[in-house]
Amino acid sequence: MNLAIKDIRHNLGRFALTTVGVGLLLMVVMGMGGIYRGVIEDAVLLIDRVDADLWIVQRGTRGPFAEVSRVNQNLVHRAQAVPGVATAREFVYHTIQRERDGQPLRIAVMGLDWPNDKGGWLPLSAGRALENNHFEMVADESLRLPLGHRIKLGKETYTVVGLTRNFISSNGDGMAFVTVADALAIQFDVPGEATRLERAARESRAETFEAVLQSPTMIDNAQRPAIARPQVGAVMVQLQPGVAPNEVAKIVEGWGDVTVYTADGQRELLLKGTVDKIKRQIGLFRILLTIIAAIIMALILYTLTLDKIHSIALLKLIGAPNTVILGMILQQALLLGGIGFGIAYVLGQRIFPMFPRRVLITDEDVLQLGLVVLGISVAASLLGIWKAMKVSPNEALS
Amino acid sequence: MIAASTNELAIETVGLTKIYGSGNTEVVAMRDVTMQVRRGEVVALLGPSGSGKSTFLTAVGLINPPTTGTVMIRGTPVLDGPRELTNLRSFRRQHIGFVFQKSNLIPFLTAVENVQIAMQVNGETGRRSRIRAMELLDYLGVADRASNRPAMLSGGQQQRVAVARALANHPSVILADEPTAALDSQRGRQVMELFAKVAHEQQAAVIVVTHDHRSLDVFDTQYEMEDGRFKS
């Protein structure tokens, strides 16, 4: 006869409500773990997916994911010429904020090095990769831009030709992929009036120059576009098979105007820099929630034990060994934890996808939380067991 | 009075004394109580409230050890003052059945399960314990309420289930503390007669603490306590 089950069936409504409460609490713990995992995954997603062996960035900087990095576009050709390099691609990446239907729309724009890179490596959930070097876009589903949607960015209008799923920046913004040229056009878009004002200012300054006074035709030069050739954030290098990244990095480092990171180095910089604090904050909050869950479960089990004190005393009176009483409390603790964990998992699967940022629940995390819940259940039952062991059979007589 | 007891001693107490507190707060609840009860004998323990009846019963029931004195059950010394000479809980499980003023059934178990649990904690299997539990409930006339929880039973039915539980492990000693207090006189007498029947048929020694003088004819022996000792 299973006393734990008998008692639960006798107080089924109360146990069910308690279990749902514990389940919701565990769902929050699970969710915090998922958010933690999501932040890390989102942060390193791009680095992992672009499949670059080396990142060449502005000298002395930590790369485009940590701070502003500017390198000349011709760096890609220099890198391409290094022995052992298979391909070199420009990396352009920036975040813009526009408005759509009265709501802010934040887009992390990445440039694809057309025609070498058309986004074939992107895991598309719908549509296709880029087929034209201008005005096409592959957008993440989180941006809610449907296939065929046209969006004006800068002076041009872009058509969404493909969709990705869960391609999020480290800041949680959905990503969009256009060609490098388009990405730069979006980033360095200058309004016509600003160009005209700049031109007028240059003409005005030129008129006072001695050289222009002596040669008035030079004023025509001042009317030419003076916007500098845009720079890219970094150059991504893919090495030929069997080539050691350190050897190539050593050559490139010798140039003096750039710094080189391996993919792992760039990944580590990102995790230790940009997302480190949020990662630690979520991690600590998760630990705090786990402790709270343990305390609440302990109190629930203690209360459930208190409700059964008379029955426990009676069991002792009729000679029930301690194992029977311990078993009853422990089994109830495990059932409470186990069912609560099940509720947390099932509810989480339905609710987490609605969250604005990715909540990534991995099998490993589920298993880990399951073991934690098991530990919590056993630990939480100790308070009830302690109380039960203190009960005297005499109490059955009162 | 039915004389069906044997000469084998089921209970023997020698010089039981119980003192609560110490110094100025010292209370002597029981003084130098000596008693012998044979198997099959039904004993009534009478006396006013506070006379030490329940203290004596809990000492013999191995729940509340005496301060001094010895308790022997079926010839086995089990208590020497507060010193436990055996595993009391295990001994209680195998040899002693309890019935109390309130039925003291476990609320989340049905009537039959309340009887079964006493056997199962004693190592009996589920099926065999159920068969015996049903037999006992039938013997006590409550088999038709076997699947009801205590809250669905009347006071008399609950007491019968409690008696069935007390009998479950074939105890050599049954201790009942005012088992009819919550019952009307007719039901009360039925329960007392039941104890006598059980004692005689199953050769158990039964001690019943009671205030009910109307059913004294069913007992083989009567003891009256006053100020913690037997009245001579």
Side-chain angles (χ1 to χ4, degrees), chain A residues 1-19 300-333 335-336 381 384-385 387-398, chain B residues 54-55 57-59 61-65 86-110 112-127 129-130 133 149-152 162 165-169 171 175-178 209:
Chain A
M1 187 186 314
N2 189 310
L3 294 175
I5 299 286
K6 296 280 178 191
D7 182 39
I8 288 169
R9 284 178 61 184
H10 184 55
N11 297 297
L12 192 59
R14 192 180 59 172
F15 185 81
L17 276 176
T18 306
T19 311
I300 288 170
L301 288 163
Y302 184 69
T303 309
L304 286 174
T305 306
L306 283 185
D307 289 347
K308 286 193 290 289
I309 281 296
H310 191 263
S311 296
I312 289 169
L314 196 56
L315 283 168
K316 286 188 173 183
L317 185 72
I318 63 174
N322 282 340
T323 50
V324 171
I325 297 158
L326 297 187
M328 177 171 67
I329 297 170
L330 192 60
Q331 283 171 39
Q332 287 193 340
L335 279 170
L336 184 70
S381 68
I385 288 171
K387 180 67 182 171
M389 289 303 100
K390 277 181 61 182
V391 174
S392 161
N394 266 323
E395 291 187 35
L397 311 180
S398 56
Chain B
S54 295
T55 303
L57 208 66
T58 53
L62 314 181
I63 300 167
N64 189 13
T86 184
N87 182 330
L88 297 188
R89 203 186 293 189
S90 168
F91 200 88
R92 216 163 44 223
R93 182 164 72 221
Q94 291 165 16
H95 298 285
I96 305 175
F98 293 93
V99 182
F100 299 99
Q101 182 175 345
K102 289 185 288 180
S103 62
N104 263 330
L105 299 175
I106 295 174
F108 53 83
L109 300 181
T110 62
V112 69
E113 287 166 348
N114 262 287
V115 182
Q116 270 185 279
I117 189 71
M119 287 180 270
Q120 290 195 1
V121 297
N122 202 25
E124 191 61 274
T125 62
R127 188 170 164 273
S129 67
R130 189 169 184 88
R149 290 206 176 100
M152 302 295 289
R165 185 183 62 199
L167 295 175
N169 290 322
L175 304 173
D177 191 0
E178 301 190 41
V209 170

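Letters go in sequence order (proteins before strands), and every chain restarts at 1. No experiment lies behind these values; they were computed from the predicted model shown.
Across all non-hydrogen atoms, the minimal contact from B:Phe98 to A:Leu317 is CE1-O, 3.6 Å. The shortest heavy-atom contact between B:Ala118 and A:Ile318 is CA-CD1, 4.1 Å. The nearest pair of heavy atoms linking B:Arg89 to A:Pro321 is NH1-C, 3.7 Å.
In terms of non-hydrogen atom pairs under 4.5 Å with chain A, the most contact-rich of B:Asn122, B:Ile96, B:Ile117 is B:Ile117. Per-residue heavy-atom pair counts under 4.5 Å with chain B were compared for A:Ser392, A:Pro393, A:Gly319, and the maximum is reached by A:Gly319. Most heavy-atom pairs under 4.5 Å with chain A: of the set B:Pro107, B:Gly61, B:Gly97, this distinction falls to B:Pro107. Among A:Leu3, A:Leu315, A:Val324, the residue making the largest number of heavy-atom pairs under 4.5 Å with chain B is A:Leu3.
For B:Arg130, no part lies under 4.5 angstrom from a heavy atom of chain A. Both the backbone and the side chain of A:Asn322 come within less than 4.5 Å of a heavy atom in chain B. The contact between B:Ile63 and chain A is made by backbone and side chain atoms together, counting heavy-atom distances below 4.5 Å. Contacts between B:Gln94 and chain A at a heavy-atom distance below 4.5 Å are absent for every atom of the residue. In this structure, the portion of B:Thr58 lying under 4.5 Å from any heavy atom of chain A is its side chain and not its backbone. With a 4.5 angstrom heavy-atom cutoff, A:Lys316 touches chain B via backbone and side-chain atoms both. Interface remark: A:Ile312 contributes no atoms to any contact with chain B (heavy atom separation under 4.5 Å).
Under a cut-off of 6.0 angstrom, the local environment of CE in A:Met389 is crowded, with over 12 non-hydrogen atoms contributed by other residues, nucleotides or ligands.
In this structure, B:Asn64 CG and A:Asn394 CG are separated by 5.0 Å, a value rounded to the nearest 0.5 Å. A distance of 7.5 Å separates CG of B:Leu105 from CG of A:Leu314, quoted to the nearest 0.5 Å.
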Are B:Asn104 and A:His310 close enough, and set up right, to give a side chain to side chain contact (heavy atoms under 4.5 Å, CB included), and what steps lead you there?
CA-CA 9 Å; B:Asn104 263 330; A:His310 191 263; 2.5 Å; yes
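A donor-acceptor pair under 3.5 Å is formed between the side chain of B:Gln120 and the backbone N or O of A:Met1.
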